[in-house]
Amino acid sequence: VEIAKTALVSNVYPNPATDSRVSVSVSKTNSLVEMNLYNLMGSLVSTQTIDATSGNTTQVIELPENGNTFIVELIQNNELVGRHKILTLR
């Protein structure tokens with residue numbers, strides 16, 4: 001019996017951000033989701049793990065003061081399942 005993979009739905013808000021915090025919402029999923037934040041040069045800024053196995057979850061990201069464009073990638077079971085560009089207006 002093949003078990004279908006749960007579809008991951010994600011959203012980043014506010015975007016563009018007006019301060020150093022944004023929220024990433026992730027729909028309920030059957031495994032942990034790794035969230036990686038990169039600056040525009042491609043350097044890894046931070047990594048967090050999101051546990052959305054019990055329901056929809058929202059995680060807050062603190063954006064570094066230096067820089068105004070970031071990329072957040074969501075990885076599930078070693079597979080890229082989401083990518084969002086985050087812009088800041090500071």
Side-chain angles (χ1 to χ4, degrees):
V1 175
E2 186 174 331
I3 299 173
K5 186 169 145 181
T6 303
L8 180 73
V9 177
S10 60
N11 189 25
V12 176
Y13 58 92
N15 196 10
T18 56
D19 62 13
S20 62
R21 297 176 72 149
V22 294
S23 297
V24 176
S25 63
V26 176
S27 64
K28 182 179 178 182
T29 183
N30 57 1
S31 63
L32 298 177
V33 176
E34 182 180 312
M35 181 173 59
N36 297 322
L37 180 68
Y38 297 91
N39 63 20
L40 197 53
M41 300 301 289
S43 299
L44 181 64
V45 174
S46 69
T47 298
Q48 297 180 30
T49 300
I50 301 173
D51 184 358
T53 56
S54 59
N56 297 349
T57 303
T58 299
Q59 187 82 26
V60 175
I61 301 176
E62 293 286 337
L63 300 173
E65 290 298 321
N66 56 342
N68 58 5
T69 304
F70 300 91
I71 303 294
V72 64
E73 289 185 342
L74 302 170
I75 311 291
Q76 183 181 27
N77 298 323
N78 295 319
E79 183 178 321
L80 179 67
V81 292
R83 180 182 287 140
H84 299 275
K85 182 189 292 186
I86 302 171
L87 301 174
T88 60
L89 302 175
R90 330 178 228 197

Close side-chain approach of [X] to [Y], heavy-atom, < 4.5 Å:
X: H84; Y: V24; value: no
X: L37; Y: P64; value: yes
X: S20; Y: E65; value: yes
X: E34; Y: T47; value: yes
X: T53; Y: N30; value: no

[X] [atom1] to [Y] [atom2] distance, which is reported to the nearest 0.5 Å:
X: S46; Y: I61; atom1: OG; atom2: CD1; value: 6.5 Å
X: T69; Y: I71; atom1: OG1; atom2: CD1; value: 7.5 Å
X: L63; Y: F70; atom1: CG; atom2: CZ; value: 5.5 Å
X: N68; Y: L89; atom1: CG; atom2: CG; value: 8.5 Å
X: T49; Y: L32; atom1: OG1; atom2: CG; value: 6.5 Å
X: N15; Y: T18; atom1: CG; atom2: OG1; value: 11.0 Å

Minimum heavy-atom separation for [X] to [Y], with atom names?
X: S31; Y: Q76; result: OG-NE2, 3.0 Å
X: T58; Y: Y13; result: CG2-OH, 3.5 Å
X: A52; Y: T57; result: CA-OG1, 3.4 Å
X: P14; Y: R21; result: CD-O, 4.2 Å

Only one of D51, L74, I75 passes side-chain contact (heavy atoms from CB on, under 4.5 Å) with V33, and that residue is L74
Among the clusters formed by ILVMFWY side chains lying less than 4.5 Å apart, do V81 and V12 turn up in the same one?
-> yes
Are the side chain of T29 and the backbone of S27 linked by a donor-acceptor contact shorter than 3.5 Å?
-> no
Counting distance only, does the side-chain N/O of N77 pair as donor-acceptor with the main-chain N or O of E79 below 3.5 Å?
-> no
Take E73 and L80, measure what side-chain contact (heavy atoms from CB on, under 4.5 Å) needs, and give me the verdict at the end.
-> CA-CA 7 Å; E73 289 185 342; L80 179 67; 3.8 Å; yes
